[in-house]
Protein chains: 2
Amino acid sequence: MEQYVEALKKQKIRITPQRLAVLRVLWNNHRHFSTEEVYGEVKKDFPAISLATVYTILDLLKQKGLIRELRIKSDKTLFEARVDMHHHFLCRDCGTLFDIDMKPCAALEAMAVDGNVIEEAHGYFYGVCKKCK
Amino acid sequence: MEQYVEALKKQKIRITPQRLAVLRVLWNNHRHFSTEEVYGEVKKDFPAISLATVYTILDLLKQKGLIRELRIKSDKTLFEARVDMHHHFLCRDCGTLFDIDMKPCAALEAMAVDGNVIEEAHGYFYGVCKKCK
DNA sequence: TAGATTATAATAATCATTATTATTTAGAAG
DNA sequence: CTTCTAAATAATAATGATTATTATAATCTA
Ligand SMILES: [Mn+2]
Ligand SMILES: [Mn+2]
Ligand SMILES: [Zn+2]
Ligand SMILES: [Zn+2]
């Protein structure tokens, strides 16, 4: 309860029940959520919340670095609690989406050496997972 | 002229002026195109073409592996002629999008060893390019 | 050259996301 | 604790990229 308040205060974000609820959903479930899914979860405890508000809050939390945005599935944007660098694998058979932890890739170093500044790196892998194979 | 026909035949795709025109745009310009941009280019030589047709053709060419699809910019899908593995950098200042050539990352090997089959790998990098820095 | 199959053009529909705005709320100041 | 102002929310409309529909036209096989 208090950890969410702390996190928002640290980013100088006003404390509202809606924001706490959204943050709680993502931090309590280490999965990848679409906006609609977050909306569905939050509504359980907060039936009056508006979908537009969920969109706004997710965008805010992303800007402040409290959550991360994903664009691996064609249509919908996804969000997750993990903000450390990791990548994603999407199985084209079962549709499962899972995290991939990897060491900093050599390519990143090369870019930096070349003079560019990399602030974000997303590795999106598509294929067939070991279960489906 | 003949190379486009060859490419389509090899994939058992019916030859139509519209398909040749779309393929020509991408193969003659090594850039990243939105669907609207392809549409604009094709219309110069083919004023009667429909935007919906361009969407359909781009999807077909992608399925057949003749072109590649990109989803690094938030809203619009991009397409390009290069189908070999390479990655992309998007500068948040000037908006420039450029290719990054890199050796197969160690992460790919790790995935394969773990039993998954990777069919596609997209590295999306966001930051500030050397010009803007 | 004919005829079945497939593609195109025109247009409507979809649907995720964003914009708008009246109302409500958070939090600072007294 | 109460007041006040800036900011947030709810409700809803608008946007815009993509997809679906369908009548017409073109491809290509035999
Ligand atoms: Mn993840
Ligand atoms: Mn490229
Ligand atoms: Zn699978
Ligand atoms: Zn730049």
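With salt bridges taken as basic N to acidic carboxylate O contacts below 4.0 Å, none links A/E80 and A/R31.
Using a 30° and 60° split on the angle between ring planes, A/H122 and B/Y126 fall in the perpendicular class, above 60°.
Regarding A/L58, its CG atom lies at a distance of 15 Å from the P atom of D/dA8, rounded to whole Å. In this structure, A/L51 atom CG and C/dA16 atom P are separated by 10 Å, rounded to whole Å. Atom CZ of A/F79 and atom P of C/dT17 are 8 Å apart (whole Å). A straight line from OH of A/Y39 to P of C/dC15 spans 17 Å, rounded to a whole angstrom. One atom, NZ of A/K43, and another, C1' of D/dA10, lie 12 Å apart when rounded to the nearest Å. In this structure, CZ of A/F46 is placed 11 Å from C1' of D/dA10, rounded to the nearest angstrom. Between the C1' atom of D/dC28 and the CG atom of B/L8 lies a distance of 15 Å, rounded to the nearest Å. In this structure, the NZ atom of A/K9 is 13 Å from the C1' atom of C/dA28, given to the nearest Å.
Position along DNA chain D of the nearest nucleotide to A/T56 versus B/T77 favours A/T56 as the more 5'-ward residue. Each of B/P17 and B/A52 has a nearest nucleotide on DNA chain C; the 5'-most of these lies closest to B/P17. In this structure, A/I49 and B/D59 both approach DNA chain D, and ranking their closest nucleotides by distance from the 5' end singles out A/I49.
At the phosphate of D/dT19, neither OP1 nor OP2 sits under 4.0 Å from any side-chain N or O atom of B/Y55. The side chain of B/T53 contributes an N or O atom lying less than 4.0 Å from OP1 or OP2 of C/dA9.
Here the CZ-CZ distance, from A/R68 to A/F79, works out to 12.0 Å after rounding to the nearest 0.5 Å. Remark: A/L8 CG to A/L66 CG distance equals 6.5 Å, nearest 0.5 Å.
For the residue pair A/D99 and A/H88, a side-chain donor N or O sits within less than 3.5 Å of a side-chain acceptor on the partner.
Here the nucleotide nearest the side chain of A/R14, chosen from C/dA26, D/dA10, C/dT8, is C/dA26. Counting only heavy atoms from C-beta on, B/T16 has its side chain closest to C/dT8 among C/dT8, C/dA9, C/dG27. Nearest nucleotide to the A/Q18 side chain, out of C/dT17, D/dT18, D/dA10: D/dA10. Residue B/I57 has its side chain nearest to C/dT8 when only C/dT8, D/dA8, D/dT18 are considered.
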